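For reference, the structure discussed in these notes is given below.
These figures come from a predicted structure and were not determined experimentally.
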Amino acid sequence: MNKKIRTEAVDHLFEAILSLDDKEECYSFFEDLCTVNELMSLSQRFEVAAMLRKHKTYLEIAEKTGASTATISRVNRSLNYGDDGYALVFSKMKEQA
């Protein structure tokens, strides 16, 4: 875990996110919190991660998501060397499906 992001303010933000009950509440909160571009960038990275886990090529991912190869590479690095946050979420989503 990157100790630079572990701050009281980030804790407070995460507590706010964890207090949300459903997707509609998420839409309301994130629409107020983020710009459209920020939210689209976050969702794009998440889609890139899902496609990388399915062993899609960079070209397939770029064509489907519009992500740059730099973004795909950054997400790939997080998948391989990050804090396993993507793996945790994908695992939890699979359990709910």
Problem set entry | Set of side-chain hydrogen bond (donor to acceptor under 3.5 Å, both in side chains) partners for Glu60, sequence neighbours left out | Thr57
Problem set entry | Listed partners of Asn80 passing side-chain hydrogen bond (donor to acceptor under 3.5 Å, both in side chains), at least two apart | Asn76
Exercise. Who pairs with Ile17 by side-chain contact (heavy atoms from CB on, under 4.5 Å), at least two apart in sequence or on another chain?
Worked result: Leu13, Phe14, Phe29, Phe30
Seminar exercise, completed: Residue set satisfying side-chain contact (heavy atoms from CB on, under 4.5 Å) with Ala49, at least two apart, ordered chain then number -> Val75, Leu79, Tyr86, Phe90
Seminar exercise, completed: Taking every heavy atom of Tyr58 against every heavy atom of Thr69, the minimum-distance pair comes out as CE2-O, 4.2 Å
Exercise. So, do Glu31 and Tyr27 sit near enough that their side-chain heavy atoms are less than 4.5 Å apart?
Worked result: no
Nearest 0.5 Å, what's the [atom1]-[atom2] distance between [X] and [Y]?
X     : Y     : atom1 : atom2 : result
Met51 : Glu63 : CE    : CD    : 9.0 Å
Asp84 : Ser78 : CG    : OG    : 10.5 Å
Leu52 : Ile61 : CG    : CD1   : 3.5 Å

Exercise. Does Val48 belong to the same Ile/Leu/Val/Met/Phe/Trp/Tyr cluster as Met93, with side-chain heavy atoms less than 4.5 Å apart forming each link?
Worked result: yes
Please report, to 0.1 Å, the donor-acceptor pairs under 3.5 Å made by any side chain of residues 36-46, with sequence neighbours excluded.
from	atom 1	to	atom 2	distance (Å)
Glu38	OE1	Thr35	N	2.8
Glu38	OE1	Thr35	OG1	3.4
Ser41	OG	Asn37	O	3.0
Ser43	OG	Leu39	O	3.3
Ser43	OG	Met40	O	3.0
Gln44	NE2	Thr65	O	3.1

Which pairs would a plain distance check flag for residues 18-25, meaning a side-chain donor or acceptor within less than 3.5 Å of a matching protein atom at least two apart in sequence or in another chain?
from	atom 1	to	atom 2	distance (Å)
Ser19	OG	Ala16	O	2.6
Asp22	OD1	Glu24	N	3.2
Asp22	OD1	Glu25	N	2.9
Glu25	OE1	Asp21	N	2.6

